[in-house]
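Notes to accompany the following structure.
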Amino acid sequence: MHITGWLFDLYPWQSRLVLWFITPEGEKWRVEDDFPYRIYLQGNPARLRRLGQAWESRGWVRRTYPASRLGLEGRELPVLALELRGYNHLPRLRAWLGNQKDLACYNCDLDPAAYYLYTKKVWPCAWYDLEVKDGRLLAAVPREEQFALDFSLPPLTTLSLGLAQDPLIPLGAGNTITLGWEGRTLTLEAPDPGSLVAEVAHRLKRSDPDLILSDWGDEKIIPLLWLWSQRHKVPLPLDREAGPVSREFARGRSYFSYGRIVYQGASAPCYGRWHLDRRNSFFFREAGLKGLIQAARIGQLPLQQVARASPGTLITSMQLARAVADGILIPWRKGEPERFKTAGDLLRIDKGGLVFMPPVGVHFQVAEVDFASMYPTIMTIHNISPETVNCSCCAGERVPEADYRICRRREGLVPRTLRPILLLRERLKARARRSGPEEAAQYGARQTALKWMLVTCFGYLGYKNARFGRIEAHEAVTAYGRDKLLTAKEVCEAAGFTVLHGLTDCLWIKKVGINEAELEGLCREISAATGVKLALEGIYRWIVFPASRQDPKRPVATRYFGVFQDGALKVRGLACRRRDTPPFVRQAQEALLTRLAAAATPEALAALQPELENLAADFRQRLREGRFTPQDLVITRVLSQPPEDYRVDTPTALAARQLQRAGLHLLPGEKVRYVHKEAKGPKETRIQAVPFAATLDDYDTGLYLKLLNRAIDEVLLPLSEYKSSR
DNA sequence: TGCCAGTAAAG
DNA sequence: CTGCCTACTGGCA
């Protein structure tokens with residue numbers, strides 16, 4: 001039977017893969033496909049033969065055969081292929097293989113669903129011509145391009161799921177569930193856990209939604225509902241899969257990424273249905289459902305996995321897909337943590353992006369020009385990949401200021417992976433510019449999803465334990481980057497511009513009579529000279545580079561604010577950009593900046609001063625009169641370590657311990673929210689953690705005044721100094 | 001005053 | 001998919 005279907009969900013089920021398709025009319029199809037998981041081993045032939053026989057006799061594999069596959073460097077390797085019987089043996093086999101020496105293992109730690117997608121060269125969230133017989137998938141032929149600029153969705157029905165109160169208040173102990181469908185919302189008021197489950201179950205059965213879109217579903221709602229459903233024997237139809245589904249709920253994990261700790265909550269996916277928790281999804285937060293779908297298509301991972309994945313997982317998945325499609329063996333990444341870098345390593349490696357320090361103060365006639373996707377473009381045009389650095393096949397291209405060569409003969413895995421992403425992102429950005437606001441937002445969300453994958457790809461090159469990482473490749477990229485920014489600076493100066501500031505891939509340049517036409521020409525010239533597209537970000541009416549607070553004569557690299565000719569503000573590094581700034585301080589600073597954006601000339605800027613002072617005074621007044629609510633005063637910080645490890649009683653540590661005493665155990669990377677109270681007693685009494693801060697008699701006016709003044713000064717001080725210097 | 005622990009930004 | 005660098009603050013010796 002032939003049908004047209006959109007690949008919605010897939011997962012391993014016993015010894016087969018289950019795929020769910022949705023037709024244009026909204027019909028759901030569940031089909032199974034036979035997919036033997038194939039691993040490859042390399043080693044002594046006699047030993048491999050014995051091993052194959054042993055595994056066959058134990059019933060772990062259904063077939064073994066000698067084969068020849070490519071290594072990452074492009075050489076043919078003789079290997080033994082083993083086709084596993086089902087997926088349940090995988091953890092045991094991995095444990096066994098982990099103990100073997102003199103045995104190279106390939107393709108043994110892939111996710112079965114992802115491995116299926118890579119091998120069959122198909123991807124989720126796309127339309128296929130299907131041939132189906134007796135519930136089995138015989139063929140799936142894509143009806144579209146994987147990297148298509150436009151894609152369509154089948155009709156999807158949604159049920160929203162949330163909490164009525166703060167997520168730290170447990171369900172059944174002061175908190176309850178909200179449901180939303182077809183524009184209606186309902187707050188459940190069940191008398192006991194069993195009836196609460198029954199009410200959710202009733203709605204699920206009635207709506208049979210394709211998508212459960214939740215807030216806090218992954219860690220707070222689904223695990224508890226599932227537990228209650230089992231305990232009180234009330235069925236909860238979370239899945240479309242008819243068989244018995246086993247669920248295990250653990251806590252999430254904390255891990256480091258780019259020098260900061262991140263918490264990823266545990267996941268509660270459904271089978272044959274999507275459950276997306278927007279509070280536990282990086283991609284949803286950054287790029288919405290459209291971005292998630294875009295990421296699932298090119299990352300070739302089931303959408304529910306993408307929702308909980310980091311950009312690193314996505315870019316790695318793309319590299320794995322590329323490798324499988326190209327017939328390249330995938331080395332096993334065993335979980336050894338990276339060794340700490342020695343001091344010598346640090347000296348050698350830690351030359352990142354180039355920085356030119358700006359002159360402190362207010363500036364006019366300034367433009368900003370940015371290299372587009374600089375590092376990923378460098379990797380692509382200079383063919384930088386772990387296996388192309390210091391290759392043995394050719395003399396290669398010399399890397400500037402570094403003693404490395406890059407292969408000229410074979411294109412690396414990383415450039416092959418990045419090229420189509422870069423191309424699609426450019427096309428999405430161009431299309432967004434030519435679309436109306438609604439469409440532009442959709443294209444924008446999709447290009448944002450790609451941006452994060454590109455950024456992370458560079459980061460991963462520098463991580464020794466990344467599957468396709470190599471520190472020399474990372475250094476080569478930054479070396480080319482510095483070279484290109486330097487070239488850009490020289491071309492600007494030759495054209496009579498003064499370079500005020502430079503930061504990795506951006507330059508702020510100044511010239512009397514600055515104009516767009518000349519800048520466009522300049523950008524074209526630099527793009528041609530460097531091979532990376534340099535684009536005009538905009539001409540500023542004015543821009544401020546504030547002084548360091550520690551030394552008022554010294555500039556800082558990463559703080560500035562200004563207004564473009566079209567009136568748009570650009571603010572970086574100020575209090576309002578920090579996540580630990582209380583909302584009322586953010587509002588105050590943003591109000592000042594918004595007012596400033598109106599000033600087009602140096603005279604107008606100076607004239608605004610009194611009005612801004614009044615605005616600031618008004619906020620101070622409101623604070624002193626106690627007119628802000630606890631929500632306005634909440635400070636949000638990320639827990640950097642387990643609460644008991646803090647050596648200093650910072651507000652973060654105190655708040656976390658307060659929560660701990662209430663039975664709420666936070667892990668590193670999770671957010672802590674608190675308010676400073678007006679209290680004279682011991683430290684612990686001076687802060688109040690959310691959600692226990694809803695009612696508050698008094699707050700620490702002095703402390704908040706200090707924060708407010710700091711944010712006001714950040715904006716007003718540079719201006720008053722400018723005014724007095726005129 | 002200097003030092004340490006802790007926290008966060010921009011690219 | 002497991003530790004950029006730099007600026008800054010608050011507390012303590």
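Between A:Arg686 atom CZ and C:dG10 atom P there is a gap of 14 Å when expressed in whole angstrom units. Remark: C1' of C:dC8 and CZ of A:Arg554 are 11 Å apart, rounded to the nearest angstrom. Distance, A:His474 NE2 to C:dG3 P: 12 Å, rounded to whole Å. Straight-line distance from the NE2 atom of A:His501 to the C1' atom of C:dT6: 13 Å, rounded to whole Å. Atom-to-atom, CZ of A:Arg94 to P of C:dC1 comes out at 13 Å; the value is rounded to the nearest Å. When the P atom of C:dC4 is taken as reference, atom OH of A:Tyr255 falls 14 Å away, rounded to whole Å. Per the geometry, NZ belonging to A:Lys683 stands 14 Å off P belonging to C:dG10, to the nearest Å. At whole-Å resolution of the value, CH2 in A:Trp452 and C1' in C:dC1 are 17 Å apart.
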Reading nucleotides 5-11 of chain B 5' to 3', which nucleotides get B (base under 4.0 Å from a protein heavy atom), which S (sugar-phosphate only), which -?
-> SSSSBBS
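Rounded to the nearest Å, the gap between the C1' atom of B:dG6 and that of C:dG3 is 15 Å. Here the separation of C:dT2 from B:dA9, taken at their C1' atoms, is 23 Å to the nearest Å.
Taking every side-chain heavy atom of A:Thr316 into account, C:dC1 is the closest of C:dG10, C:dC1, C:dT2. Of the candidates C:dG3, C:dC1, C:dG10, C:dG10 carries the atom nearest the A:Lys706 side chain, counting heavy atoms from C-beta on.
With a cut-off of 3.5 Å on both pairing distances, the Watson-Crick or G-U wobble partner of B:dG6 is C:dC8.
In the model, A:Arg467 has no side-chain atom that pairs as donor or acceptor with a side-chain atom of A:Tyr460 under 3.5 Å.
Taking the centre of each ring, A:Trp452 and A:Phe283 stay at or above the 6.0 Å mark.
Contact between the side-chain N/O atoms of A:Ser548 and the OP1/OP2 oxygens of C:dC8 is found at a separation under 4.0 Å. Between A:Gln550 and the phosphate of C:dA7, there is no side-chain N or O to OP1/OP2 separation shorter than 4.0 Å.
For A:Val556, the side chain to side chain contact (heavy atoms under 4.5 Å, CB included) partners are A:Ser548, A:Arg559, not counting sequence neighbours.
Ring geometry, A:His501 versus A:Trp508: the interplanar angle falls under 30°, so the pair is classed parallel (tilted spans 30 to 60°). The aromatic rings of A:Tyr699 and A:Tyr704 stand perpendicular to each other, their planes meeting at an angle above 60°, with 30° marking the opposite boundary.
Around atom CZ of A:Arg260, no more than 12 heavy atoms belonging to other residues, nucleotides or ligands sit under 6.0 Å away.
A:Asp326 has a carboxylate O that lies under 4.0 Å from a charged side-chain N of A:Arg416, or vice versa, which qualifies the two as a salt bridge.
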